Amino acid sequence: QVRLVESGGGLVQAGVSLRLSCAVSGRTFSTGTMAWFRQAPGKEREFVALISRSGGWTYYADSVKGRFTISRDNAKNTVHLQMNSLKPEDTAVYYCAASTTQAMGVMSNEYDYWGQGTQVTVSS
């Protein structure tokens, strides 16, 4: 089993930055691609960003491209999401997800493990 624990969420004003972290524990050697998803009230969970096992490949949703940066530190078993220039429409619960494969998927059903989520609220 793999356990994911997110942290770093909060209530901020538009335009500022936040850095989310995801601590990975358990059978960490089995994790491949890691990703962040988010879910706003009344909306479906949506893809935000992903990073390959090595960290050499990343991919972003158009809505966050140029503002968010995903990174991972395999030695520390952590994944981060640096969020800059936050907008009210970024308000959501953010989830860390881990795949046991190296597929670069953007669908939630392609990920095997999930964290409990961390709330990000951006006020205008």
Side-chain angles (χ1 to χ4, degrees):
Q1 289 294 322
V2 175
R3 183 169 181 244
L4 308 177
V5 179
E6 302 96 335
S7 61
L11 171 62
V12 297
Q13 289 189 323
V16 303
S17 300
L18 272 180
R19 188 188 193 215
L20 304 184
S21 297
C22 174
V24 184
S25 61
R27 295 170 61 91
T28 57
F29 61 84
S30 68
T31 58
T33 302
M34 298 287 298
W36 288 92
F37 286 76
R38 68 186 182 186
Q39 188 167 17
K43 294 187 177 181
E44 294 187 354
R45 191 169 298 189
E46 66 173 1
F47 167 77
V48 175
L50 63 81
I51 188 166
S52 63
R53 183 181 180 88
S54 68
W57 291 91
T58 58
Y59 183 73
Y60 299 90
D62 288 342
S63 58
V64 306
K65 198 174 297 181
R67 298 188 298 122
F68 291 11
T69 302
I70 188 171
S71 62
R72 69 189 292 172
D73 185 337
N74 289 336
K76 295 182 178 180
N77 295 319
T78 55
V79 179
H80 301 286
L81 185 68
Q82 177 67 42
M83 306 186 295
N84 299 330
S85 303
L86 282 163
K87 304 175 181 180
E89 50 263 43
D90 294 320
T91 295
V93 177
Y94 283 71
Y95 297 91
C96 178
S99 170
T100 55
T101 74
Q102 297 187 47
M104 308 283 274
V106 300
M107 303 298 291
S108 59
N109 60 9
E110 297 179 270
Y111 291 84
D112 304 287
Y113 300 101
W114 292 84
Q116 82 290 347
T118 185
Q119 176 71 46
V120 173
T121 303
V122 184
S123 64
S124 58

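Note that the structure is predicted; figures quoted are calculated from it, not measured.
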Would you mind writing out the side-chain donor-acceptor pairs for residues 9-16 within the sub-3.5 Å range, not counting sequence neighbours?
none

Cut-off 3.5 Å, no hydrogens considered: what does the side-chain donor-acceptor table look like for residues 99-107, sequence neighbours left out?
| residue | atom | partner | partner atom | Å |
| --- | --- | --- | --- | --- |
| Ser99 | OG | Thr101 | N | 3.0 |
| Ser99 | OG | Thr101 | O | 3.3 |
| Ser99 | OG | Thr101 | OG1 | 3.1 |
| Thr100 | OG1 | Asp112 | OD2 | 3.0 |
| Thr101 | OG1 | Ala103 | N | 3.2 |

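The distance from the CZ atom of Arg3 to the SG atom of Cys96 is 12.0 Å, given to the nearest 0.5 Å. From Gln39, atom CD reaches atom OH of Tyr95 across 5.5 Å, with rounding to the nearest 0.5 Å. With rounding to the nearest 0.5 Å, the separation of SG in Cys22 from CZ in Arg72 is 9.5 Å. Between the CE atom of Met34 and the CG atom of Asn77 there is a distance of 9.0 Å, given to the nearest 0.5 Å. Atoms OH and CG, from Tyr94 and Leu81 in turn, are 7.5 Å apart once rounded to the nearest 0.5 Å. Residue Leu50 holds its CG atom at 4.5 Å from OH of Tyr111, rounded to the nearest 0.5 Å.
Annotation for Trp114 and Ser108: closest pair CZ2-O, 3.3 Å, computed over non-hydrogen atoms. Nearest heavy atom pair, residue Ala92 against residue Ala40, reads CB-N, 3.8 Å. The shortest heavy-atom contact between Ile70 and Thr58 is CG2-CG2, 3.7 Å.
Scanning for side-chain hydrogen bond (donor to acceptor under 3.5 Å, both in side chains) contacts around Lys65 gives Asp62, with sequence neighbours left out. Scored by the side-chain hydrogen bond (donor to acceptor under 3.5 Å, both in side chains) test, Ser71 finds no partners at all (sequence neighbours excluded). Looking at residues two or more places apart in sequence or on another chain, you find a side-chain hydrogen bond (donor to acceptor under 3.5 Å, both in side chains) between Gln82 and Asn84.
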Open item on the list: Please determine whether side chain to side chain contact (heavy atoms under 4.5 Å, CB included) holds for the pair Glu110 and Phe47, giving the CA-CA distance in whole Å, both sets of side-chain angles, and the decisive distance to 0.1 Å.
Closed with: CA-CA 11 Å; Glu110 297 179 270; Phe47 167 77; over 6 Å; no
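Residue Tyr60 places its OH atom among more than 12 non-hydrogen atoms of other residues, nucleotides or ligands, all under 6.0 Å distant.
Here the side chains of Met83 and Arg67 are not in contact, with every heavy-atom distance at 4.5 Å or above. Val122 places none of its side-chain heavy atoms less than 4.5 Å from the side chain of Glu89. Residues Tyr113 and Val24 are not in side-chain contact: their nearest non-hydrogen atoms beyond the backbone lie 4.5 Å or more apart.
For the salt bridge (charged side-chain N to carboxylate O under 4.0 Å, His left out) condition, the pairs that include at least one residue of residues 14-38, sequence neighbours left out, are Arg38-Glu46, Arg38-Asp90.
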